[in-house]
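The next block holds one structure in the form of structure tokens; read it before the comments.
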Amino acid sequence: MIPYGRQTISEADIQAVADVLRSDFLTQGPAVPGFENSVVNYCGAQYALAVNSATSALHIACMALGVGKGDSVWTSPITFVASSNCALYCGASVDFVDIDPHTYNMSATCLADKLEQAEKTGCLPKVVIPVHLCGQSCDMEAIHRLSKQYGFKIIEDASHAIGGKYRGEPIGNGRYSDITVFSFHPVKIITAGEGGMVLTNDVQLAKRMKLLRSHGITSDAADMIPRPSEQLWFYQQIDLGFNYRMTDIHAALGL
Ligand SMILES: *Cc1c(COP(=O)(O)O)cnc(C)c1O
């Protein structure tokens, strides 16, 4: 039988995970920011946040871009279910843009045609999620140009494309999108056991996704709702978020 996936784990990987197990922090320790920094530096983006899966990453990316009831999100029909489920989690509807038969990626020409039709009926998408299939980037410059023309946001589903390049630059640098998502499931390019990451160059999006990753709780006094008669709490829940954090055990393997 041909296995669905087969990961490569070195002795150094096992040592890195064992080191975390012997340390003070199994989660919310130094391995998570270490992994985030290494990916952000490698890709040349401004901000990266590690989460427990790419599915979670896609969910908080959609939320940060304000996807909600009545919105439409478009993606590729040749992808994993999570690329469309993230829109459904937010109460939005999903539609699909056909692929280019040469690359199997979302066709920028089909997207242009579909946008032209959608404009007539007032059903333009809020977000488009191109999927870089098997490491090959979509035509991001063309998709980005259309986003400016029609006013939608872009999440690159780069779940199988960390290490890939577009026009000589790393996928994930965010030159042509708002947010990029990576997966670290064992069948993807590199693995953390399970895990995902969001990358962005927008400080506000980064802040919002960071909040959503960890229960909507902040410990930054500037973001807290003032309570004049009380002392400021050490932390405050200011939004409804999730527990989508990556553990240090996973981050050490990823790193
Ligand atoms: C694997 C995959 C996902 C989901 O990744 P998980 O980390 O397993 O949640 C999303 N989109 C695409 C294109 C994928 O291949």
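All ligand and atom numbering here is 1-based and tracks the order in the structure. Not measured: the values here are computed from a predicted model.
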* **ligand 1 N/O within reach of S159 N/O, cut-off under 3.5 Å** => yes
* What atoms of ligand 1 come closer than 4.0 angstrom to any heavy atom of S183? -> 5 (O), 6 (P), 7 (O)
* **NZ/K188: more than 12 non-hydrogen atoms of other groups inside 6.0 Å** => yes
* Between the main-chain N or O of Q28 and the side-chain N or O of D248, is there a donor-acceptor pair closer than 3.5 Å? -> yes
* G196 near ligand 1, heavy-atom distance under 4.0 Å? -> no
* Asked: So, is H185 polar-close to ligand 1, with some N/O to N/O distance under 3.5 Å?
  -> no
* Measure from the ring center of F242 to the ring center of Y89 and say whether it is less than 6.0 Å. => no
* Asked: Against heavy atoms of V131, which atoms of ligand 1 measure under 4.0 Å?
  -> 13 (C)
* Quick one: OG1 on T8 to CD1 on I190, what's the gap to the nearest 0.5 Å? -> 12.0 Å
* Any idea how F184 and F35 line up, ring-wise: parallel (<30°), tilted (30 to 60°), or perpendicular (>60°)? -> tilted
* **V40-Y176 co-clustered via ILVMFWY side chain contacts under 4.5 Å** => no
* Applying a strict 4.0 Å limit to heavy atoms, is G195 in contact with ligand 1? -> yes
* atom 9 (O) of ligand 1 [closest protein heavy-atom partner, distance rounded to 0.1 Å] -> T55 OG1, 2.5 Å
* Asked: Is atom CG of L240 surrounded by more than 12 heavy atoms (other residues, nucleotides or ligands) closer than 6.0 Å?
  -> no
* Protein residue, atom and distance nearest to atom 14 (C) of ligand 1, heavy-atom basis -> K188 NZ, 3.0 Å
* **Identity and separation of the nearest protein heavy atom to atom 11 (N) of ligand 1** => D157 OD2, 2.7 Å
* To the nearest 0.1 Å, how far is atom 5 (O) of ligand 1 from its closest protein heavy atom, and which atom is that? -> A54 CB, 3.2 Å
* Asked: Any ion pair linking K114 and D98 (charged N to carboxylate O, less than 4.0 Å)?
  -> no
* Asked: Based purely on interatomic distance, does T79 place a nitrogen or oxygen under 3.5 Å from a nitrogen or oxygen of ligand 1?
  -> no
